[in-house]
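Order of listing sets the numbers, starting from 1, for every ligand and every atom in it.
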Amino acid sequence: MRRLLKLLLVLVALVIVAVIGFGGFIAWSFVSAKEDTVGKVEFDRPLAVPPLAESHVDAQGRRVFDLTLQRGESDFGRGGPTPTWGINGDYLGPTLRARRGEKVLVNVTNELGETSTIHWHGMHLPAAMDGGPHQPIEPGETWSPSWRIDQPEATLWYHPHPHGETAQHVYRGLAGLFYVDDPAGPRLPSTYGVDDVPLIVQDKEFDGNDLDTSHGLFESTGILGDTILVNGTPGPYLDVTTQRVRLRILDASNARIYDFAFDDGREYDVVGTDGGLLPEPVPVTHLELSPGERAEVVVELTPGERVVLRSGPLTSFDSRFAGTDDRFDVLELRAADTLAPSPAVPAHLAPAPELADDEIAATRTFKMSGTAINGEDMDTGRIDIAATLDTTERWVVRNTDGSPHNFHVHDVQFQIASIDGQAPPAYLRGWKDTVFLPPGREVELLLHFADYADPDAPYMFHCHLLRHEDSGMMGQFVVVRPGAEPGSMEGMDMDH
Ligand code: C2O
Ligand code: CU
Ligand code: CU
């Protein structure tokens, strides 16, 4: 009896120790989950600017680009090389540029040693050229999609989209920009790398010199890193030689949501979003971007000053494990002692999207929760939606859980009709292909399906937090001619 009591006491003690230990672990995880690099970044490296992709025009008048997906290594200031993936280089890829109206052909060669794809995020194009999970490029193979660029000038991007592997491929470094140019557009700073500078912003976690690709225990959103890279540069500064500089910011992170502001709280103008320029410049002091989203901003500098672009904490919602409390020093702008004059930002930039006056052919609802949409996981063998060519639909998207999500649609640029029943803020009144959904938010989108119908080739819609996307938070739609049925996707189901 006494022995039994003793044993019981020991057991109780053990349980108490375990509980305290686990509680401590939770508390420690909570505290250590917060990242803060403000004031700690040295800004000792010049910002790398991705090279412009070379191209030539072939006999059929197509602008031809050649891209090779390859392995390499990069200097991220870790004291040794970091194994990375890149396109025509060790990390990230060159910036493609084509004019509205031009035909393009891109030869994408896969030298990775494993299957990948390249998707043209934000591009309006035939589904067979889209580069989603149904257009795999096998190792050693070349895929050569071709299409005509027909959409407003915009900062688009490209990245892999292999089924269930997108997070890994993007995280290792496969991403690049694709600018659509329009010579008839308004006069904005436009000298590449001088007063028109891309900022591909990513957060990384390291394990020694290596990129840490393990998943944090509490990071259900996916990898959240403690180091910011801009165009692959840690601790970057940019020498500015003009009075105004246009920054084209891309959140190419797996899960990180940023809220960009300058250290002195100065105002800057948002001039463009995902799919093109805004109707007019919108002055802001801070701006939120979720993975996949872009913003073009114009900042004014005074001679000789230094100003730091920072991120966080977020104001739209609060979730420590989604990184909302984190703060980062992102980039230092160093103005020269004399700055060349820049044109003033034009008061009118581009026509506003006006899909609201069209007839709505269908209203659909999307509930984003966990890693499913409307309770269903992605099935590459299932068409979720068939939209009719030349019609406009209303898509109502709601985040119904406590995790952040966003919603990206291939092929179309949409108009945000409302956010939680209100008109969207001015900086969200341009064309968008990705919209952020903090917990509880509901957005109403208007989408017009034009030009390309194909009952057999689906486009994707999905959460662009890449772990969610890979885990099944994605669906497929086709665009069909009036009266046509979607093709059967028999035999198209892929396993994760
Ligand atoms: Cu940025 Cu489905 O993609
Ligand atoms: Cu996309
Ligand atoms: Cu999500």
>> Quick check on atom 1 (Cu) of ligand 1: does H408 put an N/O/S atom closer than 2.8 Å to it?
In response: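 Within the cut-off used here (under 2.8 Å), H408 places no N, O or S atom near atom 1 (Cu) of ligand 1.
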> the Cu ion (ligand 2) to H464: any N/O/S contact under 2.8 Å?
Replying inline: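 Checking H464: none of its N, O or S atoms is under 2.8 Å.
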>> To check your reading of the site, what angle at the Cu ion (ligand 2) do NE2 of H408 and NE2 of H119 form, to 10°?
In response: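 Approximately 170° at the metal, rounded to tens of degrees.
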> Counting only heavy atoms not in R481, do more than 12 fall under 6.0 Å of its CZ?
Replying inline: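 Atom CZ in R481 is not packed in, count stays at 12 or less.
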>> For N/O/S atoms only: which one belongs to H410 and is nearest atom 2 (Cu) of ligand 1?
In response: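 Per the distance ranking, H410 contributes NE2 as its closest N/O/S atom to atom 2 (Cu) of ligand 1.
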> Is atom 2 (Cu) of ligand 1 under 2.8 Å from any N, O or S atom of H119?
Replying inline: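 So H119 does not count as coordinating atom 2 (Cu) of ligand 1.
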Quick one about [Y] and [X] (side-chain donor to acceptor, distance below 3.5 Å, no hydrogens or angles considered), yes or no?
X	Y	value
T166	H119	no
Y258	S253	yes
H134	Q476	yes

>> I'd like the atom name of the N/O/S atom in H121 lying closest to atom 1 (Cu) of ligand 1.
In response: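 Of the nitrogen, oxygen and sulfur atoms in H121, atom 1 (Cu) of ligand 1 lies nearest to ND1.
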>> I need the minimum non-hydrogen distance between D259 and L314, along with the two atoms involved.
In response: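 Minimum heavy-atom contact is CB-CD2, 3.7 Å.
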